[in-house]
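When reading the values below, keep in mind they use all heavy atoms of this one structure, side chains included, and skip hydrogens, waters and symmetry mates.
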Amino acid sequence: MKATIMYGAGDVRVENVADPVIQHPTDAIVRTVRTCVCGSDLHPYHSMKPGRHGQSMGHELLGVVEETGSEVSTVKKGDLVIAPFAWSDNTCPICRDGFQTACPHGGFYANRQTAGLQAELSRIPLADGSLVVVPGVTERDEAVLPSLLTLSDVYLTGYHAAHMARIRPGQTVTVVGDGAVGLSAVLAAKQLGAERIILMGRHTDRTDLGVEWGATDVVAERGEEGIQKVLDLTEGYGSHVVLEAVGLMPAYEQSYRVARTGGVISRVGVPQYEEAGVGFGSLFGRNLTLTGGPAPVRAYIEDAIPLVLDGTIDPGRVFDRTYTLDETATAYADMDARTTLKAFITV
């Protein structure tokens with residue numbers, strides 16, 4: 001089969017590799033219908049050290065079950081399924097608490113133990129806990145496939161940011177970042193009742209979609225100028241909630257400086273830092289709450305599927321360009337160059 005392999009920074013190839021096989025009775029083999037490139041895939045695209053063997057890539061998947069292990073009971077051959085970006089048993093105490101990305105029996109894709117999902121076929125561990133069947137939909141229902149794919153990561157990561165911030169009707173929310181996750185956070189904040197949504201981003205083709213999804217204000221300025229603009233829009237008080245969807249230190253610093261005293265900062269941008277301000281001048285002095293983390297999208301998928309199927313939300317609009325699997329290297333390059341917001345890959 002064909003699969004995407006990264007050999008170092010900027011070096012992405014689609015190669016023929018061995019088909020995956022059932023390794024454990026709880027596994028399933030899924031044929032990919034649609035996959036995509038994530039903004040977090042660009043981190044190794046910038047920094048990965050060259051290697052002879054390379055690393056398979058990808059963690060977002062909409063596909064059809066081809067084979068199941070002997071202990072799999074909730075999915076069967078022919079089912080259209082969503083694979084969350086982390087696999088889990090969905091039965092342990094941590095999963096029952098709604099944090100499947102921290103399942104002690106689970107893990108993540110695109111590593112030495114579990115191959116990535118930008119491939120024609122994938123092995124899904126703990127299939128009963130990980131895979132979610134989309135009822136009444138097949139791979140021929142192309143109009144809903146993009147939005148269903150976003151439930152494997154991007155939309156529900158934006159939703160997780162809003163959920164962890166406990167957004168309430170009438171609040172003012174600032175979203176930092178106009179990438180696919182940031183735009184998804186705008187959509188989720190609107191769904192949860194935010195009255196005012198300030199989107200901090202400078203790419204008009206992206207912020208225009210954010211406005212369609214509920215952003216009431218767009219702040220294109222960065223740094224001190226951008227911070228002051230948000231404060232001016234909020235009469236100097238800042239936002240009740242800040243959703244940070246970037247993961248870089250300037251975005252974190254911007255977040256606590258535009259947050260209202262007593263407010264919440266919710267981060268879903270994967271942090272590219274370990275040390276960050278949490279003292280009197282950043283969080284402590286203004287009673288700010290810091291929350292967020294890897295989105296346990298498995299906890300939200302069943303509730304989100306009906307909203308996609310009845311048209312309440314259409315998060316698949318974050319995909320602005322379609323590529324074939326053979327064109328995945330181009331998809332990475334285009335996203336890195338910001339000429340593509342989020343690459344949609346057909347297989």
Next on the checklist: Does R222 have more than 12 heavy atoms from other residues, nucleotides or ligands lying within 6.0 Å of its CZ?
Outcome noted: no
Item to check | Verdict with reasoning, V65 to V72, per side chain to side chain contact (heavy atoms under 4.5 Å, CB included) | outcome: CA-CA 11 Å; V65 176; V72 175; over 6 Å; no
Checklist entry - If you measure from SG on C36 to CZ on R321, what distance do you get to the nearest 0.5 Å? => result 15.5 Å
Next on the checklist: Checking the side chain of R196 only, and the main-chain atoms of L233 only, is there a donor and an acceptor separated by less than 3.5 Å?
Outcome noted: yes
Item to check | Within one Ile-Leu-Val-Met-Phe-Trp-Tyr cluster: I301 and Y159, side-chain cutoff 4.5 Å | outcome: yes
Item to check | Heavy-atom check, side chain of R260 versus side chain of T234, under 4.5 Å | outcome: no
Next on the checklist: If we ignore hydrogens and angles and just use 3.5 Å, is the side chain of S147 paired with the main-chain N or O of V144 as donor and acceptor?
Outcome noted: no
Item to check | R168 CZ: over 12 foreign heavy atoms closer than 6.0 Å | outcome: no
Checklist entry - I305 and P135: which non-hydrogen atoms are nearest, and at how many Å? => result CG2-CD, 4.4 Å
Checklist entry - Salt bridge or not for K76 and D79, using N-O below 4.0 Å? => result yes
Checklist entry - Counting heavy atoms not belonging to Q23, are there more than 12 under 6.0 Å from its CD? => result yes
Checklist entry - Minimum heavy-atom separation for S282 to L288, with atom names? => result O-CD1, 3.4 Å
Item to check | Check: D11 and M6 side chains under 4.5 Å, non-hydrogen atoms | outcome: no
Item to check | 4.5 Å side-chain heavy-atom contact, E71 and H24 | outcome: no
Checklist outcome for this item: Rounded to the nearest 0.5 angstrom, the OG1-OH distance for T172 and Y237 is 12.5 Å
Item to check | Lys/Arg N to Asp/Glu carboxylate O, E139 vs R34, below 4.0 Å | outcome: no
Next on the checklist: Grouping I, L, V, M, F, W and Y whenever their side-chain heavy atoms are under 4.5 Å apart, do L145 and V134 come out in a common cluster?
Outcome noted: yes
Checklist entry - Could you state the interatomic distance from OH (Y273) to CD (E253), rounded to the nearest 0.5 Å? => result 9.0 Å
Next on the checklist: Under a 3.5 Å distance rule, please check whether Q272 uses its side chain to pair with a backbone N or O of L248 as donor and acceptor.
Outcome noted: no
Checklist entry - Is the NZ atom of K190 crowded by more than 12 outside heavy atoms at less than 6.0 Å? => result no
Item to check | Salt-bridge contact E60-K342 (side-chain N to carboxylate O under 4.0 Å) | outcome: yes
Checklist entry - Does the Q55 side chain pair with the main chain of A110, one donor and one acceptor, at a distance under 3.5 Å? => result yes
Checklist entry - Would you say L199 and L183 make side-chain contact, with heavy atoms under 4.5 Å? => result yes
Item to check | Same apolar cluster (I L V M F W Y, side chains within < 4.5 Å links), I197/M200 | outcome: no
Checklist entry - Are V297 and V308 connected, step by step, through hydrophobic side chains (Ile, Leu, Val, Met, Phe, Trp, Tyr) whose heavy atoms are closer than 4.5 Å? => result yes
Item to check | Gap separating the CE atom of M164 from the CD1 atom of I167, nearest 0.5 angstrom | outcome: 12.0 Å
Item to check | Any donor-acceptor N/O pair, Y256 side chain to G281 backbone, under 3.5 Å | outcome: no
Checklist entry - So F284 and F280, would you call those rings parallel, tilted or perpendicular, with 30° and 60° as cut-offs? => result tilted
Next on the checklist: Please check this pair: side chain of R286 against backbone of A259, looking for a donor-acceptor N/O pair closer than 3.5 Å.
Outcome noted: yes
Checklist entry - Got V268 and L243 here, is their nearest side-chain heavy-atom distance under 4.5 Å? => result no
Next on the checklist: Using only atom types and a distance under 3.5 Å, with no angle test, would you say the side chain of S122 pairs donor to acceptor with the backbone of V30?
Outcome noted: no
Next on the checklist: Would you compute the distance between atom CG of L341 and atom CZ of R206 and round it to the nearest 0.5 angstrom?
Outcome noted: 4.5 Å
Next on the checklist: Checking the side chain of D97 only, and the main-chain atoms of F99 only, is there a donor and an acceptor separated by less than 3.5 Å?
Outcome noted: no
Checklist entry - Would you find a donor on one side and an acceptor on the other, under 3.5 Å apart, between the side chain of D19 and the backbone of M1? => result yes
Checklist entry - More than 12 foreign heavy atoms under 6.0 Å from CZ of R112: is that the case here? => result yes
Next on the checklist: Run the side chain to side chain contact (heavy atoms under 4.5 Å, CB included) test on D128 and T26 for me, step by step, so that the C-alpha distance in whole Å, both residues' side-chain angles and the decisive distance to 0.1 Å come before the verdict.
Outcome noted: CA-CA 7 Å; D128 277 341; T26 52; over 6 Å; no
Next on the checklist: E66 vs K77, test: salt bridge (Lys or Arg N to Asp or Glu O under 4.0 Å). Steps then yes/no.
Outcome noted: CA-CA 5 Å; E66 291 290 301; K77 181 178 174 62; 3.8 Å; yes
Next on the checklist: We want to know whether T340 and Y323 form a side-chain donor-acceptor pair, criterion being a heavy-atom distance below 3.5 angstrom.
Outcome noted: yes
Checklist entry - Any side-chain donor-acceptor pair under 3.5 Å between T324 and D326? => result no
Checklist outcome for this item: Residues M335 and A343: closest non-hydrogen pair is SD-N, 3.5 Å
Item to check | Single-linkage hydrophobic cluster V175~Y155, side-chain heavy atoms < 4.5 angstrom | outcome: yes
Checklist entry - Are side-chain heavy atoms of T32 and L117 found at a separation under 4.5 Å? => result no
Checklist entry - For the atom pair OG1 (T291) and CZ (R267), what is the distance rounded to the nearest 0.5 Å? => result 9.0 Å
Checklist entry - Does a side-chain heavy-atom distance below 4.5 Å link Q118 with D41? => result yes
Checklist entry - What pair of heavy atoms forms the shortest contact from S239 to V230, and how long is it? => result OG-CG1, 4.3 Å
Checklist entry - Are the side chains of R298 and P296 in touch, meaning some heavy atoms are under 4.5 Å apart? => result no
Checklist entry - Any donor-acceptor pair under 3.5 Å linking the side chain of T289 with the backbone of V264? => result no
Item to check | Steps toward side chain to side chain contact (heavy atoms under 4.5 Å, CB included) verdict (L61, I124) | outcome: CA-CA 10 Å; L61 174 66; I124 309 298; 4.1 Å; yes
Checklist entry - side chain to side chain contact (heavy atoms under 4.5 Å, CB included) between F85 and L156: does it pass, once the steps are laid out? => result CA-CA 11 Å; F85 70 85; L156 290 180; over 6 Å; no
